[in-house]
4 protein chains.
Amino acid sequence: MAAAMIAQDLTQHTVVPSHELPAKLGRKRDLNRDSEILAAALEVLAETGYNGMTIDMVAARAKAGKATIYRRWPSKAELVIDAVACMKRQEGVADSLPDTGNLRGDLIAMIKPHSIDDGQRKFQIMAGVLAMIGQAPELAEAANAAIVQPRATANRMLMQRAKDRGEIAADCDIDTLSLVTPSMIAHRILLLQKPVDRDFLISLIDGVLLPALGIPAPKPTPGP
Amino acid sequence: MAAAMIAQDLTQHTVVPSHELPAKLGRKRDLNRDSEILAAALEVLAETGYNGMTIDMVAARAKAGKATIYRRWPSKAELVIDAVACMKRQEGVADSLPDTGNLRGDLIAMIKPHSIDDGQRKFQIMAGVLAMIGQAPELAEAANAAIVQPRATANRMLMQRAKDRGEIAADCDIDTLSLVTPSMIAHRILLLQKPVDRDFLISLIDGVLLPALGIPAPKPTPGP
Amino acid sequence: MAAAMIAQDLTQHTVVPSHELPAKLGRKRDLNRDSEILAAALEVLAETGYNGMTIDMVAARAKAGKATIYRRWPSKAELVIDAVACMKRQEGVADSLPDTGNLRGDLIAMIKPHSIDDGQRKFQIMAGVLAMIGQAPELAEAANAAIVQPRATANRMLMQRAKDRGEIAADCDIDTLSLVTPSMIAHRILLLQKPVDRDFLISLIDGVLLPALGIPAPKPTPGP
Amino acid sequence: MAAAMIAQDLTQHTVVPSHELPAKLGRKRDLNRDSEILAAALEVLAETGYNGMTIDMVAARAKAGKATIYRRWPSKAELVIDAVACMKRQEGVADSLPDTGNLRGDLIAMIKPHSIDDGQRKFQIMAGVLAMIGQAPELAEAANAAIVQPRATANRMLMQRAKDRGEIAADCDIDTLSLVTPSMIAHRILLLQKPVDRDFLISLIDGVLLPALGIPAPKPTPGP
DNA sequence: GCCTAACCGAGACGGTACGTCCGGTCTTTTT
DNA sequence: AAAAAGACCGGACGTACCGTCTCGGTTAGGC
């Protein structure tokens, strides 16, 4: 978390009066290296998993020295935590929610090929990262915020809109239901190792979400 | 999985004619060591996580030599998988399905106090198991069979009984729904790091499963 | 110094009653590795000098792991010290002194091609080793004992014999004179970087040693 | 050697017309830094040896930046060579040859008290210089010129004078003999690590040099 | 009862990654 | 333009762990 927070601090507090700190001397840290190293770490992480990933690999791919990495993060674990957390920042959190007028249309409109591929990659990164959750509990928080929360939030907003317009009952447990899809996706990718294709997502919507919200399933699943 | 299966083989097929195999000579393997080593592995796993766990730690705690461990399991990963599988066997999830006459009663009867008590320990161990998926994808199936499938199977059997007695509709997607609870539990334990307590499980039953199956929630579940 | 001394202890005190030490368990240390590693270290040292030498190079050449080296020597410096000290043991210290009847004949008989080449190699090793004399004073002692003392001792014995038979005066400073040749050789190899050939050694004998001992130079240096 | 020569050039040719060179712009190089850095280098060298010495240490002690050092010397090795050369220049070995009328008096007059006092310091420094010979053979000549040659030249001049006035024979090998003292000193300092005190130098003169030149020892040098 | 082979604890072994440190270069700000 | 400060790349150091192999000693069978 360290470097990212420092970066935030620097970009947010540029107007801090310079007489407070002792007027930093010497060459400035190249802030571009931060993101380049994080990107390289994510690539290696997705390819080899946490244990397979090597600091030298990351350094080589980012064309950086090991010291440059260890100057920013105190250990491999913290680098990975930050890399996962940085995934969250890359994407616009709720980038243009669909609005088709009814909940089923909205949920299905969320299924975009790009979204599927991207999700696949992220969950594979998560698989590699799970190796160290026992040692670094804050990693769990980062992974949740980066991978699961964006999807859950989108689901919750769609369902809240449906509730607002009276499409579903007011006493539905939206918070719990919005986590069903991400949880099932994680299980399918991590343990079943099956692809998260359109059919699977539709079966989730029509077999779990909509029934649980009291909306009857539409027609016997027409083809794409 | 290796040693456990060998152990099963040995105990089950003691009558195999000895002339088939090259007439095992020498001292017999001490079968007690298997369980002692697995227990030691579970302890260390829970305390340090997968990456923090060391074969030497396990050997020291079990007062065994490393060779004694590697004679039984080919790698650290397989040892851990087997340790988790053995844990599940101890507990016997689906050994006695409840039968209260209605689905909600059955599902709630499945919630046993000790599920909550040792939830924290299982969190560590499950995280450890999931850790190796990135390195050894073939172990994902084993982890799934050991951890998720027992609970999913129990759920499916209960729902099938409910369907048989007409309590729920015939076209319900039981296969998908039976995976909802385990998936949500895994997410809660691994990423949210919150305890899987009775309230959470009841909110799953009343907020997701029963509504999705067309059974109205019983009472408005008085909030805290 | 560590490993060599342990080795000496082991070979010398084999008859020590076994109940004194706690009866060493586990695999025995392979004593052959000691000498193989030291030999590899000497090779690398002669080729690249102290700073150029790498523990990985030594390990690779000795087909050993780094841990095997660090189990025996606590640091690169101590390994080099031991390697230099081990040179001394390799050669028979005073392997067959010549006896031609007069001192000049003895001294010249010591000049053998094999001896010259061997000396060249040793002084080159010494050059590589001088890099760390400031940090490890005991290295100086080892280098002196391994490289300079054997030659000085041979010289001193030849001169003592000459003194015993009355060839040279009784009050000659043999101890000092026996060090002249090694010192001049070291200077020639290390600083002048010129070869130590037969002519140079003869000029030392006839231009310094014999005159200082009161023996007149023979004829105007006949050819070889 | 580089910076010292530049410094000499600059101090000698201050009157060179400025239009000959490309009209040096900007701040002038602070020539005081040269000697301050060299002094700092000598201190660190004497304290830690060549390998122990760090450019950062030198920079910190001289309150200089690393770039300021590397602007003047191309490498750590050359800096050390120059530091030693500068030390020799400070002391001015052959600035005033003694002339007592006979060779023994001249040689003994060369023994100055401070040669003994700072012997220990020079030991460390010389060891440091010899250290780099293995890596940069071209520096051997420089080290030889800075350390050994001044003393050898002084010896040769004294002996030549003695030869000129008929004190010693005309066919003495002066070139070889003039190197005996420096070589023996180097051996005593570097390998024996004993102080180069007055007694040792007198034993060289009376036990080696004068006998080799055909001059009988004066008195039987009373033992300690 | 005794031989033989496989077992056992202990730990050395080869290999590989970690996190630190240094040499030599480059960049930023100040003088 | 040179100075101080310090970030940068590359690579060696010494440590720790994995999975294998070897040691002396123990425990079964089969003769």
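Just so it is clear, the values below take in all heavy atoms, side chains as well, and ignore hydrogens, waters and symmetry mates. Below, chain A is the first sequence line, B the second, and so on; all start at residue 1.
Taking D:Ala62 as the reference, D:Arg33, D:Ile37, D:Ala40, D:Ala64 meet the side-chain contact (heavy atoms from CB on, under 4.5 Å) condition, with sequence neighbours excluded. By the side-chain contact (heavy atoms from CB on, under 4.5 Å) test, D:Ser35 pairs with no residue at all, sequence neighbours left out. Remark: C:Arg71 engages no residue in a salt bridge (charged side-chain N to carboxylate O under 4.0 Å, His left out) (not counting sequence neighbours). Every residue two or more places apart in sequence or in another chain was checked for a salt bridge (charged side-chain N to carboxylate O under 4.0 Å, His left out) with A:Arg27, and none qualifies.
Residue A:Arg71 places its side chain closer to F:dC8 than to any other of F:dC8, E:dC13, F:dC18. Checked against F:dG6, E:dC8, F:dT15, the side chain of D:Ala67 finds its nearest nucleotide in F:dG6.
In this structure, A:Glu78 and A:Asp82 have side chains that are not in contact, with every pair of non-hydrogen atoms separated by 4.5 Å or more. Side-chain atoms of D:Ile55 and D:Leu79, non-hydrogen and from C-beta on, do get closer than 4.5 Å to each other.
Contact check of residues 52-59 of chain D against DNA chain E (heavy atom, cut-off under 4.0 Å) returns D:Met53, D:Thr54, D:Ile55.
Distance A:Leu79 CG to E:dC18 P: 10 Å, rounded to the nearest Å. Rounding to whole angstrom units, CZ of residue B:Arg72 and C1' of F:dT20 are separated by 17 Å. Protein atom CG of A:Asp30 is 22 Å distant from nucleotide atom P of F:dA5, rounded to whole Å. Spacing between atom CD of B:Glu36 and atom P of E:dG9 amounts to 9 Å, rounded to whole angstrom units. Nucleotide E:dG14 holds its C1' atom 16 Å from the CZ atom of C:Arg29, rounded to whole Å. Here the C1' atom of nucleotide F:dC18 and the CD atom of B:Glu78 are 15 Å apart, to the nearest Å. Nucleotide F:dG6 holds its C1' atom 15 Å from the CG atom of A:Leu31, rounded to whole Å. A straight line from CD1 of D:Ile69 to C1' of E:dT25 spans 14 Å, rounded to a whole angstrom.
The phosphate of E:dG9 has OP1 or OP2 within less than 4.0 Å of a side-chain N or O from B:Thr68. Within the 4.0 Å cut-off from OP1 or OP2 of E:dG19, at least one side-chain nitrogen or oxygen of A:Tyr70 is found.
Stacking of D:Lys76 on the aromatic ring of D:Tyr50 is recorded, both the 6.0 Å distance cut-off and the 45° axial limit being met.
Mapping B:Ala62 and C:Ala64 onto DNA chain E by nearest heavy atom places B:Ala62 closer to the 5' end of the strand. Position along DNA chain F of the nearest nucleotide to A:Gly65 versus C:Ala77 favours A:Gly65 as the more 5'-ward residue.
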Inset, instruction - Going 5' to 3' through nucleotides 26-31 of chain F, assign each nucleotide B (protein heavy atom under 4.0 Å from a base atom), S (under 4.0 Å only from sugar-phosphate atoms) or - (no protein heavy atom that close). - result: BB-S--
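The residue B:Arg33 sits close only to the backbone: its heavy atoms come under 4.0 Å of sugar-phosphate atoms, none of a base.
Judged by distance alone, with hydrogens and angles left aside, C:Lys66 brings a side-chain donor or acceptor within reach of the base of F:dG14, the pair sitting under 3.5 Å.
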Inset, instruction - Take A:Val58 and A:Glu43, measure what side chain to side chain contact (heavy atoms under 4.5 Å, CB included) needs, and give me the verdict at the end. - result: CA-CA 9 Å; A:Val58 178; A:Glu43 285 180 37; over 6 Å; no
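Of the charged side-chain nitrogens involved, at least one lies within less than 4.0 Å of a carboxylate oxygen, so that D:Glu47 and D:Arg61 count as a salt-bridged pair.
Considering all non-hydrogen atoms of both residues, B:Trp73 and B:Asp34 come closest at CH2-O, 3.9 Å.
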